[in-house]
Number of protein chains: 2
Amino acid sequence: MKRTTSKRLVTISDVAQSAGVSKATAARVLGSYGTASPVVKEKVREAARKLGYQANELARSMTTGKSKTIGVIVGDIENPYFGQAVRGISDAAHAAGFDVILSNSGEDAAKEKAAVRVLMGKRVDGLIVTPASVYETQHLHEVQRSGRPLVLLDRTIPDLAVDAVVTDDRQAAEAATRALIEAGHRRIAYISATESDDPIYRGPHQINLSTVMERIKGVVAASLSAGIEHPERYIRLGANRRGEGDKIISELLQGADRPTAILASDNVVALEVFKTLRRLGMSIPQDLSLIAFHDADWTSVTSPPITVIAQPVYDLGFESAQILVRRITGVGDAPRCRVLATTLIKRQSIGAPPEIQENRAVFQNNAAKIG
Amino acid sequence: MKRTTSKRLVTISDVAQSAGVSKATAARVLGSYGTASPVVKEKVREAARKLGYQANELARSMTTGKSKTIGVIVGDIENPYFGQAVRGISDAAHAAGFDVILSNSGEDAAKEKAAVRVLMGKRVDGLIVTPASVYETQHLHEVQRSGRPLVLLDRTIPDLAVDAVVTDDRQAAEAATRALIEAGHRRIAYISATESDDPIYRGPHQINLSTVMERIKGVVAASLSAGIEHPERYIRLGANRRGEGDKIISELLQGADRPTAILASDNVVALEVFKTLRRLGMSIPQDLSLIAFHDADWTSVTSPPITVIAQPVYDLGFESAQILVRRITGVGDAPRCRVLATTLIKRQSIGAPPEIQENRAVFQNNAAKIG
DNA sequence: TTGACATATGAGACCGGTCTCAAATACGCT
DNA sequence: AGCGTATTTGAGACCGGTCTCATATGTCAA
């Protein structure tokens, strides 16, 4: 039995020998269970201090069947959105006496599967997962079948009967679309970072994530309600970080009957819009109005400040962890989906569409000629 | 022995029974070691599939003394800087056959200590830590003493002889300061988010992090070289997320002999500068020039785009993990500190100080009167 | 001092996997 | 069929902690 990690760590047996008591007594003191006399307690603690004893949670978990640890798999470790959610998770978990360990899927279903395997292998007491796909979910079904509690964060999976905590993406998209319609827009694009081979939206089969589908439904519903025909013609997918954003956005804005407003799925897409507009010599909101999902720190200091859909991300995380802790503790009622509200924060990135501004200018020119 | 987690998971013994072989044979097949006949292999694998066997890595690690897992403790999970570093760590670790689990210290030494305890308890093969303080390091010394490999990411600890990977913060700060001096600035502030009771810099005893100390040294050295006296009078600390940033920045900018340029320690501080300037009715770069550490996505789309010190964060992470893997594998040479270079990316946030612009305006007025 | 009762302690089984080595089995040749 | 050799298999010890229960020890009252 070879150990490439250089030194065997100090065990309870070492401490027991040093303190002159049995392994069982030393374990009682160091594990804070059972009884021990004050004299023995002090002797054991002193020996542990001197030897540098560090508990082996592996052994403890093997025996107790519990790790007091929650495993969390986030979609994109580089996205501060998930950072905030993790802060909420950590706060709720720690308040309930649980530790949190994280893993990152990078929005890739295979990596998510590997992360689930790692965390299950470490026998975490429960899992919080932001699913990377509604199509590749076998590994999550297996978690459910194993009996280990699972909560979905931010996104749902239709045929997986587990708890979920999400924001009301449909209502958010409807509200944003209505705000743009009230400002005069009839050609409104929704641009999403979600992976897709074909950037042009053709139907639900292209959509991996529940959040994206809900938002599309919201945009389409609000547009149809306002009498706008074929609103889905302005929906684009795949505008993610790998340089596709600029291409998709510029093709859209340089096409016939271009949209006069964009609803961006997240801050990544909003940034791409900014960069593309600068390159095309267009400006917000004179040439294009913009609303973005998520109120990142910097969205209020751009010129102009961006109108955003603020999401209660910390609460998402906090609630997820609370529900999971309840499940771990043994609550067995039916799984449910908790839906949190969003807030539309109006800043200066919404204006009238360009053609309405031109009509106003023509009208003023005519008035000057008459007067 | 009570198990609140509802179901005992499937073990190798269950699979062995189902396949009609011994536990040792089933283990050989499922653990991919030793030998087994092709017929037995197929029987065991089929039984494992049917029963939903998921390896217990706790048991495996206990026996082998290895977990093939790297533990990472980041300073601030909400900062995309650390997200990028984690991506580098993950890529290098996975290439070497290791898994990565994360924990967040929130730049709090007590939380870092707890995170170290959790990850050491889980017997990770090694640790990568972004230390939250150069003063509270006992827990990291204990890691070192235990023989478990440890690499410091981004920041060093002076009396801890372990490997570290950092950026050249001193040289970065010198280069940025020189760029501002060349643009005419003689009053240059360095504003840091690092925790401090007193926002006014009085000496090294206030500084928790090696990066901050190095940057201060760089700003001061470049200023003194250019004949600027008492450059440290414009150094401010504690401008973090909790609302102190606005107060510190506005007091500084509204004081006598206010600075005409700011070097911001990170994007958080740069954002605070933007917000405060807007509130005070001042603009970049006419009233104040700005350079920020770290080239975040959004720094190139503000108006004006910000001059930044780009840091090779992914490489920081990647190198850290490579060094750690070598240590885990048994390399025993002397610990070393690997220093990576930064790049100054000039955009439009640097201009001449306001008083030089005024002198130019006066000179042009005089020329018009003559001509 | 003795007996009753409460508290502290130690021995041994167990968690689920790995590893070693002896025994069983398989295979090929005479 | 028997023998020699190679391969496969199973039994049991072990990792480091927890838990149960029998035994030892301590305390108090008669």
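In what follows, chains carry the letters A, B, and so on, assigned in the order in which the sequence lines appear, proteins first and then strands, with residues in each chain numbered from 1.
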Inset, instruction - Among the candidates D:dG10, C:dG17, D:dG16, find the nucleotide nearest to the side-chain atoms of B:I12. - result: C:dG17
Legend entry - Side-chain donor/acceptor of A:K23 to base of D:dG17, under 3.5 Å: yes
Legend entry - B:Y81 side chain to B:D76 side chain, donor-acceptor N/O pair below 3.5 angstrom: no
Inset, instruction - State whether A:S37 places a side-chain N or O below 4.0 Å from either non-bridging phosphate oxygen (OP1 or OP2) of C:dT9. - result: yes
Legend entry - Bending between helix ends of the helix from C:dT1-D:dA30 to C:dT30-D:dA1 [5 pairs per end, 10° resolution]: 40°
Inset, instruction - Decide, yes or no, whether a salt bridge links A:E107 with A:R155 under the criterion of side-chain N to carboxylate O below 4.0 Å. - result: yes
Inset, instruction - Please determine if A:K68 and A:D125 form a salt bridge, counting it only when a charged side-chain N lies under 4.0 Å from a carboxylate O. - result: no
Inset, instruction - Could you work out which one of D:dT9, D:dG17, C:dG16 sits closest to the side chain of A:N56? - result: D:dG17
Legend entry - Student check: side-chain heavy atoms of A:L30 and A:V15 closer than 4.5 Å: yes
Inset, instruction - May I ask you to evaluate whether B:S22 reaches the phosphate of D:dG10, defined as a side-chain N or O under 4.0 Å from OP1 or OP2? - result: yes
Inset, instruction - Answer with yes or no whether B:T11 presents, from its side chain, a donor or acceptor under 3.5 Å of a partner atom in the base of C:dG16. - result: no
Inset, instruction - Verify the distance criterion only: is there a donor paired with an acceptor across the side chains of A:S67 and B:K122 at less than 3.5 Å? - result: no
Legend entry - Interatomic distance where CD belongs to A:Q17 and P belongs to C:dA11 [whole Å]: 13 Å
Inset, instruction - Ignoring hydrogens and angles, state whether a donor on the side chain of A:D108 or A:S105 is under 3.5 Å from an acceptor on the partner side chain. - result: no
Legend entry - Comparing B:Q54 and B:R28 on DNA chain C - which has the more 5′ nearest nucleotide: B:Q54
Inset, instruction - With the side chain of B:Y33 defined as its heavy atoms from C-beta on, choose the nearest nucleotide among C:dC19, C:dG16, D:dC19. - result: C:dC19
Legend entry - Side-chain heavy-atom pair A:L119, A:L127 within 4.5 angstrom cut-off: yes
Legend entry - Atom-to-atom span, CZ of B:R8 to C1' of C:dG16 - whole angstrom: 9 Å
Inset, instruction - Hey, which sits more toward the 5' end of DNA chain C by its nearest nucleotide, A:A26 or B:A24? - result: A:A26
Legend entry - hbond_proxy B:T63 side chain to C:dG16 base (donor-acceptor, 3.5 Å cutoff): yes
Inset, instruction - May I ask you to say what A:T35 touches in the nucleic acid, namely base, sugar-phosphate or nothing, with a heavy-atom cut-off under 4.0 Å? - result: base
Inset, instruction - Kindly say if B:S13 contacts the phosphate of C:dG16, meaning a side-chain N or O under 4.0 Å from OP1 or OP2. - result: no
